[in-house]
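The first residue in the sequence is number 1, and the count goes up from there.
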Amino acid sequence: MKRPIVAVLAAIAGLAAAQPASAEDAATAAGKLFFGQRCQICHNPNASGGKTYGPPLAGVVGRKAGSVEGFAYSDALKNSGIVWTEASLKAWMADNDGMLPGTRMRHVGVEDPAEQEMIVAYLKSLAQ
């Protein structure tokens with residue numbers, strides 16, 4: 001289901017009015033909201049977070065796919081050779097089933113490039 005980007009941008013505008021922020025800070029804040037709507041049901045943003053369906057995403061940018069210690073990845077993902085760059089994360093969000101068949105992650109389908117950009121900005125802000 002598509003989320004109205006207008007509502008999220010309005011929320012970001014409210015945050016920006018309350019506190020001056022750079023465009024990068026605004027994108028990160030919007031990404032956090034989108035992450036909460038799209039990703040957090042299965043992924044914890046913190047490396048030391050509680051048990052979730054998916055691996056924690058702190059430090060994901062630049063990390064080899066299938067490499068979080070203690071998480072039971074599919075063989076397809078463990079053996080993929082993918083490194084989570086901005087481009088590969090956006091491709092994964094858009095069509096993970098098409099990008100790498102045989103993984104356990106259900107298709108989410110974040111197809112809006114602006115939404116992908118903001119989620120990646122948020123993921124880049126997460127400490128490992």
Handout entry: Short side-chain to backbone donor-acceptor contact, His43 and Pro55, under 3.5 Å
Key = yes
Exercise for the section: Return the set of residues passing side chain to side chain donor-acceptor pair (under 3.5 Å) with Glu117 (not counting sequence neighbours), or none when no residue passes. Expected result: Lys90
Problem - Inter-residue atom distance Cys42.SG - Leu57.CG, 0.5 Å rounding - result: 10.0 Å
Handout entry: salt bridge (Lys or Arg N to Asp or Glu O under 4.0 Å) partners of residues 68-85, not counting sequence neighbours, each pair once
Key = Asp75-Lys78
Problem - Closest non-hydrogen atom pair between Ala114 and Asp112, with its separation - result: N-OD1, 2.8 Å
All N/O donor-acceptor pairs, side-chain side in residues 118-127, below 3.5 Å, sequence neighbours left out:
| from | atom 1 | to | atom 2 | distance (Å) |
| --- | --- | --- | --- | --- |
| Lys124 | NZ | Glu86 | OE2 | 2.9 |
| Ser125 | OG | Tyr122 | O | 2.6 |

Problem - Minimum-distance pair of heavy atoms, taken over all atoms of Arg63 and Pro56 - result: NH2-O, 3.1 Å
Handout entry: Leu77 side chain reached by Met105 side chain, heavy atoms, under 4.5 Å
Key = no
Practice task
Go through the structure and list residues passing side chain to side chain donor-acceptor pair (under 3.5 Å) with Thr52, not counting sequence neighbours.
Solution key: none
Problem - Sequence-distant partners of Ser88, side chain to side chain donor-acceptor pair (under 3.5 Å), two or more places apart - result: Thr85
Problem - Note, Val110 side chain near Phe34 side chain (heavy atom, < 4.5 Å) - result: no
Exercise for the section: Determine whether Met93 and Arg38 make a side-chain contact, defined as any pair of heavy atoms from C-beta on separated by less than 4.5 Å. Expected result: no
Completion exercise
So ring pair (Phe, Tyr, Trp, His ring centres under 6.0 Å) across residues 89-115, not counting sequence neighbours, yields Trp84-Trp92
Exercise for the section: Please check if Val108 and Met99 belong to a single hydrophobic cluster, counting links between Ile, Leu, Val, Met, Phe, Trp and Tyr side chain heavy atoms closer than 4.5 Å. Expected result: yes
Practice task
To the nearest 0.5 angstrom, please state how far the CD1 atom of Ile41 sits from the CG atom of Asn44.
Solution key: 13.5 Å
Handout entry: Phe71: ring-ring contact (aromatic ring centres under 6.0 Å, His included) partners, not counting sequence neighbours
Key = Tyr73
Practice task
Any salt bridge (Lys or Arg N to Asp or Glu O under 4.0 Å) involving residues 94-104? Give me the pairs, sequence neighbours left out, ordered by first then second residue.
Solution key: none
Handout entry: Heavy-atom pair of closest approach, residues Leu100 and Ala76
Key = CD2-O, 3.6 Å
